[in-house]
Structures are given as C-alpha cells and as structure tokens.
Amino acid sequence: MMRTILPGQTIGIIGGGQLGRMMALAAKEAGFKIAVLDPTLDSPCGQVADIQIVANFDDQDALEELAECSDVITYEFENIDYESLKQLCNIAYIPQGAELIRVTQNRLIEKQTIEAAGVEVAAYREVTNEEELTAATEALGFPCILKTTFGGYDGKGQMTLSSTEDFQKVAELYQTQTCVLEKFVPFEKEISVIVQRNAKGETRCLPVAENIHVDHILHESIVPARTPEYVQLNAMELATKIADSVSLIGTLAVEMFVLEDGEILVNELAPRPHNSGHYSIEATRVSQFEQHIRAICGWPLATPELLKPCVMVNVLGEHVVPLTQILLKYPDWSIHLYGKKEAKHKRKMGHVTILTDNIDITLDEIEHSGVWSN
Ligand code: ADP
Ligand code: MG
C-alpha cells in the first residue's frame with residue numbers, strides 16, 4: 001500500500017555512512033526528521049540525525065526500535081541481512097521492500113535479473129570448484145575475471161586470470177564461496193546511470209556519468225559522459241528497463257561498460273544512491289538524495305536536469321591532509337567531507353565537485369592541485 005510521508009514525519013535509515021548522511025541532509029532540508037541505525041555512535045549520518053540507535057544491523061530489538069520511531073524506513077547499503085529486512089517489512093513501512101536486496105547481494109542472481117529484463121551482461125559462468133573453473137575458462141577464454149557472488153566491493157573479492165597458470169591463485173575465492181567467472185570486457189568507457197522510481201511507476205534518470213577508477217575504486221565522475229548522445233539515451237533506456245522490470249521504488253544505480261562500437265553491457269547494480277551520483281548535489285536541479293527521499297515518501301519525482309557540466313573527484317584517506325592544505329585556493333570547488341573519525345588509507349572520506357564550462361581544464365586543475373598525485 002502506497003503512503004505519502006510529509007515534512008515533520010520521521011525517515012529511518014539503516015546504515016550511518018556517507019550515503020545515509022547525504023540522504024538525511026536532503027531530507028532535513030524539506031523538514032523531515034531522521035532516525036538512523038548504525039553500530040557506532042556519531043557515525044557520518046548519526047552526526048546529522050535527530051535520533052541515533054546504536055546497535056548491530058541484525059539486532060532485532062534495535063530494528064524494532066527503528067520501526068517504532070520511523071514513518072518510513074530506507075537503507076543506505078545492500079549488505080543488510082535479507083531475512084531481518086523481510087521481517088521488518090511486516091512491522092514497518094519499507095516501500096523499497098526486501099527483494100532487490102536479495103538480488104543485488106548475489107552477483108549471480110543479479111545477472112539473471114538483468115538478463116530477465118532483456119538487458120545484456122558480459123558472458124559468465126557459475127564456478128564452485130576447479131572442474132567448473134576449467135570448463136568456464138574454456139568456454140569464455142582469457143583474460144577473464146573471477147568474482148565472489150557475495151560481499152565484493154571496490155574490487156575486493158575478485159581476481160583477473162590471464163592463463164591457466166592463475167588457477168592456483170584464484171582457488172581461495174571459489175573455495176570459500178560460489179563465484180562467477182566473467183569474460184573480460186575490453187570496454188572503452190565505464191558509465192553509470194542512476195534511475196529513480198516511485199510507487200506510481202514514474203521514473204527519472206540522472207544524466208549519464210563517465211567513471212574513472214583507480215585501483216578499482218571510483219576516482220572521478222565526469223558529467224555528461226564523453227560518449228555519443230545515442231549511447232547515453234540507450235544507457236538511460238536500459239536502466240529504466242531494469243527499474244521497471246524489478247518494479248523499483250527508490251534508487252537503482254546501474255554500472256555499465258561501453259564498448260568501442262557503442263554497445264552497452266551492464267556490470268552491476270546498487271539499490272541505493274551511488275558514489276557516481278554525488279555530483280548531482282550541485283550539478284542537477286534535484287540531487288539523487290532528494291529524489292530518493294521523494295520516491296520513498298510517495299512524492300512526484302522532479303526533473304534532474306543538468307545545470308552545468310562537472311567533475312566529481314573522490315577524497316580518500318590519503319587525500320584529506322593535502323586537500324585541507326590547498327582548498328582555500330579553490331573557491332569554486334564544492335567540498336564535501338563526511339565526518340569520519342579516522343582517515344584510513346583508501347577509505348572514502350569525502351568528495352569534491354567542480355562545475356565547469358571546460359572539462360579538460362578542470363581535469364588539469366585537479367591533477368595539478370597535487371592532492372591526487374600519488
Ligand atoms: P565492485 O563491486 O568492486 O565495484 P565490479 O564488478 O564493479 O565490482 O568491478 C570493479 C571494477 O573492475 C569495474 O568497475 C571495472 O573497472 C573492472 N571490471 C569488473 N568486471 C570487469 C569485466 N568483466 N571486464 C573488464 N573489467 C571489469
Ligand atoms: Mg562496481
């Protein structure tokens with residue numbers, strides 16, 4: 001049953017990281033109250049929330065407490081326990097449901113779901129032992145990538161194979177859990193589309209972002225993506241097709257590979273706002289966070305028109321000190337830091353968004369600032 005949630009009411013968020021924080025900030029602008037569940041006190045989201053529940057995500061009592069003080073519940077990450085979330089759906093209003101969590105937690109089910117929507121993914125095979133690995137590499141050829149079905153992120157839980165000599169090296173992956181072997185995609189670009197949908201079936205796509213990874217972690221998003229317009233229209237169409245096919249409510253980020261001939265293969269899905277959509281806070285008329293809140297609160301969706309091209313660059317642990325030293329020199333950089341206590345190496349600490357009329361000059365400016373030089 002669809003409900004309309006209005007300012008003054010409380011939005012509960014499972015997960016207190018930066019995505020929860022930016023959702024909360026967007027929601028608070030419209031006058032909502034925020035309750036957050038996270039294992040640590042004063043998490044990035046906890047710092048801006050009205051109510052903090054400090055407990056583990058599988059703590060049934062804590063989830064019930066969240067349900068009691070929230071008029072609607074959402075989540076900021078997909079590794080919530082599926083069964084707990086399903087149970088929570090019985091006592092709380094969770095318009096996103098639990099099904100998409102089940103799908104996106106498992107790479108195999110995720111790929112099957114994308115294919116069922118009529119959208120293509122890289123050729124793949126399930127691998128649980130050495131015989132299956134041998135058969136799969138024979139079918140797909142080298143190079144290829146072995147990925148665990150559960151729990152991978154930022155390139156963790158995956159390894160590239162260039163020949164049968166790598167079989168030994170990857171055994172640890174399929175010995176611990178079911179894996180997927182994927183054909184290596186010689187992509188020209190990686191792009192992403194963030195599609196958002198409400199219970200009435202209205203959908204909106206954010207402008208297509210071009211994503212540049214360093215060490216498997218997102219480094220920069222460039223918007224609009226530097227691909228032909230027909231590729232971008234196709235990318236948005238594919239994302240919308242998947243969103244409709246899973247009856248999405250809320251946000252779905254769709255990571256894609258663009259091949260030399262313009263063909264698109266979907267890489268993976270995230271059922272939440274995505275790092276590659278952070279640029280939307282400044283560069284589009286409605287941000288991915290505000291639109292997410294609108295979608296789960298049963299509001300009509302806004303038009304995320306691009307106001308200006310931009311570059312978003314991630315600030316990892318090692319970038320915080322150099323950024324702090326130079327940021328006063330760049331008055332037009334929008335600085336976002338998430339309030340994380342420890343600036344660990346490679347940890348996502350914040351991001352910078354720069355609106356620009358000239359992407360190349362801005363990319364140069366970022367490079368020459370010295371913040372990201374190693
Ligand atoms: P994660 O969950 O770590 O984001 P991804 O499946 O998105 O896992 O893989 C991380 C990155 O590795 C991708 O963004 C891409 O750069 C590269 N990659 C993953 N799969 C393939 C593939 N089949 N072919 C080529 N590159 C890939
Ligand atoms: Mg990814």
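As the structure is a prediction and not an experimental result, all values here were calculated from the model. Computed over heavy atoms, backbone and side chain alike; hydrogens, waters and symmetry mates excluded. Read the numbers this way: they start at 1 and go in the same order the structure lists the ligands and their atoms.
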Legend entry - Residues R102 and E99 bridged, charged N to O under 4.0 Å: yes
Inset, instruction - Salt-bridge test for D154 and K346: reply yes if a basic N is under 4.0 Å from a carboxylate O, no otherwise. - result: no
Inset, instruction - Could you tell me whether a side-chain N or O of Q232 sits under 3.5 Å from a main-chain N or O of T227, the two making a donor and an acceptor? - result: yes
Inset, instruction - Write down, by chain and number, every protein residue that brings a non-hydrogen atom to less than 4.0 Å from an atom of ligand 1. - result: R107, I145, K147, G152, Y153, D154, G155, Q158, E182, K183, F184, V185, F187, E190, H213, H216, E255, F257, N267, E268
Legend entry - Angular separation of OE1 (E255) and OE2 (E268) seen from the Mg ion (ligand 2), to 10°: 100°
Inset, instruction - Tell me yes or no: between the side chains of D38 and T40, is some donor less than 3.5 Å from an acceptor? - result: yes
Legend entry - Residue among E76, E78, Q96 satisfying side chain to side chain donor-acceptor pair (under 3.5 Å) with R272: E78
Inset, instruction - Kindly assign one of parallel, tilted or perpendicular to the pair Y338 and H278, based on the angle between their ring planes and the thresholds 30° and 60°. - result: perpendicular
